[in-house]
Protein chains: 2
Amino acid sequence: MNSFSSLMKGKDFHSITTAEIAGNAAVTEGLIYKYFKDKKDLLYQVLGDHFLNFTAKIKARVVNEKTCVGQLEVIIFSSLESYADNRVFSKILLLEVRNSLEFFNSGAYGMVKEYAANILAIIEVGIKKEEFKADTDSYLLRKVILGAIEHACLGEIIFGRELDIDRVSKGIANIVFNGVKA
Amino acid sequence: MNSFSSLMKGKDFHSITTAEIAGNAAVTEGLIYKYFKDKKDLLYQVLGDHFLNFTAKIKARVVNEKTCVGQLEVIIFSSLESYADNRVFSKILLLEVRNSLEFFNSGAYGMVKEYAANILAIIEVGIKKEEFKADTDSYLLRKVILGAIEHACLGEIIFGRELDIDRVSKGIANIVFNGVKA
DNA sequence: TTTTGTGAGTAAGTATCACTTACCATACTG
DNA sequence: CAGTATGGTAAGTGATACTTACTCACAAAA
């Protein structure tokens, strides 16, 4: 998994060969298949590993926030931060796993679902506590937030652009919470 | 291209073989390489084809709208509609092409850039015309809109869920323009 | 002390593909 | 009619994900 992770820093999943992974780990190709069902399974397990840290960090920060607005702001900031700090993680999650249906039966996807469910719960509490408008569509709000986060990172991941996490996270929160209409 | 397109309805890019594409088109594998540099080039050309219709439809509709808010609403609605009506197009654009850097040198990506540039231009006019707050970050607003559109379609594309285009497009516009804070 | 079982590891395949090469035939064009 | 694109094929080839059959170390059991 370490060998694969470090190779992912430099190229995409498809252009990394099993021979390379094995060579880089100083074992033979066959051994990979003692521990992983196939190459994709290795990918999903590496993603799952990263996702554990990702959610742990977010959870630890969210508990310090009293308001739902504050909690969502923390989630937006922390997500952007994780994506920016961890290229391999974000490359896998945003660019590599989605094109194959297998992923959605993997353990890693279970964690994604949990993360998403958590956001939804916060939004629903926010509506009850009247922080948000009563007619807010919670699923849709989640989509807008998640979509904005992911799209904001794409340029950084694909072209290696710099991302001003603080500015972008505040900007997204501002648009979503207050709107842009004059 | 037709043969490949119809195969894409059922499975993902990687699990479609050149033999299948050729067989389905009743030609031999070699012929594919007379017209396309490689398998990915075929993918990009199919995407480019679809993208032409996509942008044509949007442009025709946008000219009928006077306000920038109205224009953006039309873009959101039309984008969702195209994604929903054309599974192959959206699968390719949202799930298949991004994982490889080659795409960003392809002609299809040029069209994506144009579409994105168009949205940015509308936002900037909107700021000047004071439809939007003066301190609106136009790039960020575009990211939020595009991210929301794309994320809203993912469930539909991946799991085949139904998408209520009218409700979702109105919902996205409402969140982005008016915000959700009570 | 002997036996048995198991996990770590390997070497040498094999099947599948994307892609190439060397041809063939037909229609148009100067 | 010669020459040359154009549309097409058949038969490779090399890379690569995955498999198989095997060794070895070593620990627990007998």
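Within every chain, numbering begins at 1; the chains are lettered A, B, ... in the order of the sequence lines, protein sequences first and strands thereafter.
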A.B. asks: Would you kindly give the CD1-to-P distance between B:Ile16 and C:dA18, to the nearest whole Å?
C.D. replies: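 In whole Å, C:dA18 P and B:Ile16 CD1 are 10 Å from each other.
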
A.B. asks: Atom NZ of A:Lys39 to atom C1' of D:dT16: distance rounded to whole Å?
C.D. replies: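 That distance rounds to 9 Å.
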
A.B. asks: Atom CZ of A:Phe36 and atom C1' of C:dA8: how far apart are they, to the nearest Å?
C.D. replies: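 So the two atoms are 14 Å apart, to the nearest Å.
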
A.B. asks: Quick check: B:Tyr109 with B:Tyr44 (ring centres under 6.0 Å apart)?
C.D. replies: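 No.
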
A.B. asks: Rounding to a whole Å, what distance do you find between B:Glu29:CD and C:dA22:C1'?
C.D. replies: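 After rounding, the reported distance stands at 17 Å.
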
A.B. asks: Any base atoms under 4.0 Å from B:Thr18, or only sugar-phosphate, or nothing? Heavy atoms, all strands.
C.D. replies: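 The residue B:Thr18 makes base contact.
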
A.B. asks: Would you mind reading off the distance between A:Ile32 atom CD1 and D:dC18 atom P, rounded to a whole angstrom?
C.D. replies: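 It works out to 10 Å between those atoms.
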
A.B. asks: I'd like to know whether the aromatic ring centres of A:His151 and B:His151 sit less than 6.0 Å apart in this structure.
C.D. replies: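 For A:His151 and B:His151, the ring centres are not under 6.0 Å apart.
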
A.B. asks: On the ring face of A:Phe54, is A:Lys59 found with NZ or CZ under 6.0 Å from the centre and within 45° of the axis?
C.D. replies: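 That pair does not qualify as a cation-pi contact.
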
A.B. asks: Send over the distance from A:Asp38 CG to D:dT19 P, rounded to a whole Å.
C.D. replies: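 After rounding, the reported distance stands at 8 Å.
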
A.B. asks: Please determine, for the side chain of A:Leu31, which listed nucleotide (C:dT10, C:dA18, D:dC18) has the closest atom?
C.D. replies: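 Selected nucleotide: C:dT10.
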
A.B. asks: Is A:Lys181 paired with B:Glu131 through a side-chain N to carboxylate O contact shorter than 4.0 Å?
C.D. replies: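 No, B:Glu131 and A:Lys181 are not salt-bridged.
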
A.B. asks: Contact class for A:Tyr35 (heavy atom, under 4.0 Å): base, sugar-phosphate, or nothing?
C.D. replies: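 Counting heavy atoms under 4.0 Å across all strands, the contact made by A:Tyr35 is with sugar-phosphate only.
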
A.B. asks: Indicate yes or no: does A:Lys11 engage A:Glu20 in a salt bridge with an N to O separation below 4.0 Å.
C.D. replies: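 Between A:Glu20 and A:Lys11 there is a salt bridge, with a charged N closer than 4.0 Å to a carboxylate O.
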
A.B. asks: Classify B:Ile21 by what it touches in the nucleic acid, base, sugar-phosphate, or nothing, heavy-atom distance under 4.0 Å.
C.D. replies: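 Touches nothing.
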
A.B. asks: Please figure out whether A:Gly30 or A:Ser15 has its closest DNA chain D nucleotide nearer the 5' end.
C.D. replies: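 The residue mapped nearer the 5' terminus is A:Ser15.
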
A.B. asks: Checking all strands, does A:Thr28 fall into the base, sugar-phosphate, or nothing category for heavy-atom contacts under 4.0 angstrom?
C.D. replies: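 Base, at least one base heavy atom under 4.0 Å.
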
A.B. asks: Which whole-number value in Å describes the distance from B:Phe13 CZ to C:dC17 P?
C.D. replies: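 My rounded result for the distance is 14 Å.
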
A.B. asks: Record whether the side chain of A:Lys34 comes under 3.5 Å of the base of C:dG7 through a donor-acceptor pair of N or O atoms.
C.D. replies: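 Between C:dG7 and A:Lys34, which were checked side chain against base, a qualifying N/O pair under 3.5 Å is absent.
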
A.B. asks: Which whole-number value in Å describes the distance from A:Lys37 NZ to D:dA17 C1'?
C.D. replies: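 Distance, rounded to whole Å: 12 Å.
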
A.B. asks: Of the options C:dC19, D:dT9, D:dA17, whose atoms approach the side-chain atoms of B:Tyr33 most closely?
C.D. replies: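 For B:Tyr33, the side-chain atoms sit closest to C:dC19.
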
